[in-house]
Protein chains: 2
Amino acid sequence: MESGRRFADTKSHPWVAVDVVIYTLEQRKLQTLLVQVKEGAFAGRWAFPGGLMGAEESVDEAAEREVLERTGVKDGYIEQLYTFGKPERDPATRAVSVSYLVLVPYPSVRLNPAPKYSDIRWFSAHRLPHSKLQYTNIVYSLLPREFTLGELQEVYETILNRPLDRRNFRKKILALGLLTQLKKKRRGTHRPASLYAFNEKRPMVIEML
Amino acid sequence: MESGRRFADTKSHPWVAVDVVIYTLEQRKLQTLLVQVKEGAFAGRWAFPGGLMGAEESVDEAAEREVLERTGVKDGYIEQLYTFGKPERDPATRAVSVSYLVLVPYPSVRLNPAPKYSDIRWFSAHRLPHSKLQYTNIVYSLLPREFTLGELQEVYETILNRPLDRRNFRKKILALGLLTQLKKKRRGTHRPASLYAFNEKRPMVIEML
DNA sequence: CCAAAAGTGTTGGTCTTACACCCATGC
DNA sequence: GCATGGGTGTAAGACCAACACTTTTGG
């Protein structure tokens, strides 16, 4: 039953790849980014963007690079999810894949397919693994820097997929002290709304809703 | 800015290793398992047990194998934590390491160092990343199959590092419906206590305490 | 009969939810 | 002046935390 060395001898020198699952919100719709593979056995298939880790970067950096290349976004929220590594039939092509969850604000995105992809598009997503979102403030990464409480509430309603009471929402979110009310107002079609900004764009574990 | 292919050419074919952080409870003390490295640049150092992934196993299986080899335990709780992958100075030795959190019941453990280790021992741990434990029932993996409510409460008190009210604890834990009261009693030094068992040994996300 | 752990309910405070009306602006 | 989203408080119920005495056994 001893191994380490035994398995080292039976060599396991896989490729290491990253896959990024990028979400955004557009028009109250949750969307996720897929790319269409151009060549190989999976030509024509839609898949999550991804690529091999470079020799001089960390796994996390490879994921950030992939996000930057596909969307142009540098400061989205990024979080490692899970590492998959099943053996393939052909050990020569064996790969271990590290997946990431990414949230980006829609207005910052400029989509950009790599040469290896024939297309890149947003697809509507039905929900996201929201156990995380309920306990953190990472929704800031789905919003522009300044936003109204109405917009923030919309984001939560979309993610949680249920309506929230406006008065309760405002009470709770303001009580957390994560927001600063700005002097400005958003002048739109109707009564102007106060603009707010997050005090800190740093993930914090706080039960929000 | 395009890569994928570029980085594939600059080759990245690291070793893939797993590291397991194994916790147990002995005498109300939280302990974690370390091994002493026998050879190489780190000879004499204590480290988490780990090893290279084999050519014919998944990453998860490699972690399970490592736990089985070091402790003899097959059915502990095991959960992937994080994948680390910083580039090294020497690209030839580059490794990506997938870490796992493991919980095992102390009485089932038979420690067994691999040839590559000169020693294997429990060290006292001050706390474990307990955000997880508070929301799940995975403590079952720290207990024998049958246990008293007092013993279960002890486990939670150790993990949370604070005393709990006996009446409130019993109310809450029984209300969750995860436990079955067995017919048997534990006859000890004093008044016999009812034995309980978990209905399902399957991780569930439930806020327990 | 004494020591030690097992077993059991109630109360006050806090937190959460539900709910309706007026306000400021654009058109 | 009307349509639209912005802004505000209170009351009822659910949930949580604190607390003490009786029971059963072994020695």
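By convention in this document, chain letters (A, B, ...) are assigned in the order of the sequence lines, proteins followed by strands, and residues within each chain are numbered from 1.
In this structure, A:W15 and A:M53 have side chains that are not in contact, with every pair of non-hydrogen atoms separated by 4.5 Å or more.
When the C1' atom of C:dA5 is taken as reference, atom CG of B:L152 falls 16 Å away, rounded to whole Å. The nearest whole Å value for the distance from the CD1 atom in A:I173 to the P atom in D:dG7 is 14 Å. Distance CG (A:L182) to P (D:dG6): 16 Å, rounded to an integer number of Å. Remark: C1' of C:dA3 and CZ of B:R191 are 15 Å apart, rounded to the nearest angstrom. Between the C1' atom of D:dT25 and the NE2 atom of B:H190 lies a distance of 8 Å, rounded to the nearest Å. When the P atom of D:dA12 is taken as reference, atom CG of A:N168 falls 16 Å away, rounded to whole Å. One can place CZ of A:R186 at 17 Å from C1' of C:dA24, the figure rounded to the nearest angstrom. If you measure from atom CG of A:L149 to atom C1' of D:dT8, you get 13 Å, rounded to the nearest angstrom.
Across D:dC16, D:dC19, C:dA6, the shortest atom-to-atom separation from the side chain of B:T148 is found for C:dA6. Each of D:dA20, D:dG6, C:dC19 was ranked by its minimum atom distance to the side chain of A:D165; first place goes to C:dC19.
In the interface, the side chain of B:R167 is paired with the base of D:dA20 through a donor and an acceptor atom under 3.5 Å apart. The base of D:dT23 does not come close enough to the side chain of B:K185 for any donor and acceptor atom to sit less than 3.5 Å apart. Evaluation of atom-type donor-acceptor distances gives a pair under 3.5 Å for the side chain of A:R166 against the base of D:dG7.
Taking the centre of each ring, A:F147 and A:F198 come in below the 6.0 Å mark.
The number of heavy atoms from other shown groups lying within 6.0 Å of CZ (B:R186) is above 12. When the shell of 6.0 Å around CZ of B:R45 is examined, it contains 12 or fewer heavy atoms from other residues, nucleotides or ligands.
Under the side chain to side chain contact (heavy atoms under 4.5 Å, CB included) test applied with A:T32, the options A:V102, A:T24, A:V21 reduce to a single match, A:V21.
When each of A:K171 and A:S194 is assigned the nucleotide of DNA chain D bearing its nearest heavy atom, the one mapping closer to the 5' terminus is A:S194.
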